[in-house]
Amino acid sequence: MPTETLPRLAVFDMDGTLLDSLPDLAASADRLLTGYGLPGIAPDLVRAMVGDGVAALVRRLLDHAGPAAAHIDAQQAVARYMADYTPRSTEQSRLFPGTDHALETLRARGWRLAVCTNKPVAAARRIIDALGLEGVFDAIGGGDSFPARKPDPIHLLGTIRLAHGTPPRAVMVGDHHNDIAAAEGAGVRAIFARWGYGRPDMEAGATAGGDSMTEIPHLADQLLPA
């Protein structure tokens with residue numbers, strides 16, 4: 001089958017791309033630290049810690065707390081964070097403006113849709129369902145779905161396979177250097193989400209950049225014409 005006749009697939013990161021999850025991530029981070037008797041943390045500081053999965057976030061929180069957190073077991077802290085965050089992960093989180101319309105537009109144009117996130121897959125599914133996106137995505141690849149996760153291309157390639165897509169006919173949309181690096185390693189075109197949490201320099205290596213979710217259908221169609 002010629003490559004151009006295969007279905008097109010748009011793969012999305014979650015935090016900072018599909019949804020503004022920082023308020024809930026930061027609230028759980030603050031509760032984790034104060035629960036250990038440590039000073040709390042402001043959302044702006046948590047923003048720079050997001051993108052590499054829960055274990056990395058918790059490690060950065062403990063590093064931020066300094067010597068006072070040296071006695072804390074990191075694995076136990078991750079478990080405490082997830083126990084707090086999982087049932088409260090959509091208290092304040094919201095889809096970025098234009099997300100619903102962008103996904104509907106892509107679907108109407110024949111695109112398959114998938115999520116590739118460093119969140120645990122169970123947490124990702126719960127959030128997607130709670131935000132009214134149940135059934136929208138053909139596949140969800142979580143941080144624990146494969147032997148490695150972003151920036152390793154295994155994560156993105158595995159998600160593409162789950163969605164019955166192919167790398168030449170896929171586009172990765174994300175706001176973090178992990179998304180761009182995974183796409184580069186997988187031979188997949190990448191759109192950098194400038195509206196997200198990543199620094200501007202993280203756009204290096206992306207095929208294109210967008211300022212809002214509303215631009216994604218047009219950019220995706222430009223990169224992979226029907």
Side-chain angles (χ1 to χ4, degrees), residues 1-19 21 50-56 82 86 89-90 93 95-96 99-100 102-193 196 206-207 213 216-217 219-221 223-224 226:
M1 183 183 293
T3 300
E4 59 270 16
T5 65
L6 294 170
R8 297 179 294 173
L9 172 67
V11 184
F12 293 88
D13 172 51
M14 279 188 68
D15 299 316
T17 302
L18 287 175
L19 68 150
S21 53
V50 174
D52 294 303
V54 175
M82 286 304 299
T86 299
S89 57
T90 55
S93 296
L95 296 174
F96 280 106
T99 295
D100 281 328
L103 298 178
E104 290 169 5
T105 300
L106 288 166
R107 275 286 193 197
R109 295 178 184 176
W111 286 80
R112 291 177 181 268
L113 304 177
V115 167
C116 183
T117 174
N118 280 342
K119 282 184 182 298
V121 68
R125 290 186 183 280
R126 181 187 179 280
I127 292 168
I128 285 168
D129 292 352
L131 293 175
L133 298 179
E134 183 177 5
V136 171
F137 297 100
D138 296 279
I140 298 171
D144 53 355
S145 296
F146 307 103
R149 59 189 175 191
K150 298 181 295 184
D152 195 307
I154 287 174
H155 189 176
L156 178 54
L157 291 169
T159 302
I160 291 170
R161 283 194 298 272
L162 281 179
H164 303 292
T166 60
R169 296 287 282 170
V171 172
M172 176 73 209
V173 183
D175 72 312
H176 198 274
H177 68 79
N178 285 341
D179 304 306
I180 307 306
E184 284 188 295
V188 171
R189 296 166 177 84
I191 300 173
F192 185 72
T207 320
M213 274 294 295
I216 296 305
L219 290 171
D221 280 341
L223 295 181
L224 282 177

Item to check | Minimal non-hydrogen separation, Ala163 against Asp138, with atom names | outcome: CB-CB, 4.2 Å
Item to check | Side-chain donor or acceptor of Arg189 paired with backbone N/O of Leu224 under 3.5 Å | outcome: no
Checklist entry - What's the shortest heavy-atom distance between Asn178 and Pro151, and which atoms? => result OD1-CD, 3.4 Å
Checklist entry - Between Arg149 and Asp52, what is the shortest heavy-atom contact and its length? => result NH2-O, 3.7 Å
Checklist entry - CG of Leu95 to CD1 of Ile127: how many Å apart, nearest 0.5 Å? => result 11.0 Å
Checklist entry - Are His164 and Leu9 close enough, and set up right, to give a side chain to side chain contact (heavy atoms under 4.5 Å, CB included), and what steps lead you there? => result CA-CA 9 Å; His164 303 292; Leu9 172 67; over 6 Å; no
Checklist entry - Are any of the side-chain heavy atoms of Leu131 and Thr99 separated by less than 4.5 Å? => result no
Checklist entry - Got a second to check how far Ser89's OG is from Met82's CE, nearest 0.5 Å? => result 8.0 Å
Checklist entry - Has the side chain of Ser93 got a donor or acceptor atom that lies under 3.5 Å from a matching backbone atom of Thr90? => result no
Next on the checklist: Can a donor-acceptor pair be found, under 3.5 Å and without considering hydrogens, that links the side chain of Thr17 to the backbone of Asp175?
Outcome noted: yes
Next on the checklist: Quick one, Ile160 and Arg169 - any side-chain contact, counting heavy atoms below 4.5 Å?
Outcome noted: no
Checklist entry - How many angstroms lie between atom CD1 of Ile154 and atom OG1 of Thr159, to the nearest 0.5 angstrom? => result 11.5 Å
Checklist outcome for this item: In short, Thr86 meets Arg126 closest at the heavy-atom pair O-NH1, 3.0 Å
Checklist entry - How long is the span from the CG atom in Asn118 to the CE atom in Met14, to the nearest 0.5 Å? => result 11.5 Å
Checklist outcome for this item: One should read off an interatomic distance between Phe96 CZ and Leu19 CG, to the nearest 0.5 angstrom, of 7.0 Å
Next on the checklist: Quick check: do Leu156 and Lys150 have side-chain heavy atoms less than 4.5 Å from each other?
Outcome noted: no
Checklist entry - For the side chain of Thr207 and the backbone of Ile191, is there at least one donor-acceptor N/O pair under 3.5 Å apart? => result no
Item to check | Test log, rule side chain to side chain contact (heavy atoms under 4.5 Å, CB included), inputs Phe137 and Leu103 | outcome: CA-CA 9 Å; Phe137 297 100; Leu103 298 178; 3.9 Å; yes
Checklist entry - Rounded to the nearest 0.5 Å, what separation is found between the CE atom of Met213 and the CG atom of Asp100? => result 9.0 Å
Checklist outcome for this item: With Phe12 as partner, the option from Thr117, Val171, Leu106 fulfilling side-chain contact (heavy atoms from CB on, under 4.5 Å) is Leu106
Checklist entry - Can you name the nearest heavy-atom pair linking His176 to Phe192, along with the distance? => result N-CE1, 4.0 Å
Next on the checklist: Tell me the closest heavy-atom pair linking Pro153 and Gly185, and the distance in Å.
Outcome noted: CB-C, 3.6 Å
Checklist entry - Do the ring planes of His155 and Phe146 sit parallel (below 30°), tilted (30 to 60°) or perpendicular (above 60°)? => result tilted
Checklist entry - Would you find a donor on one side and an acceptor on the other, under 3.5 Å apart, between the side chain of Asp15 and the backbone of Gly51? => result no
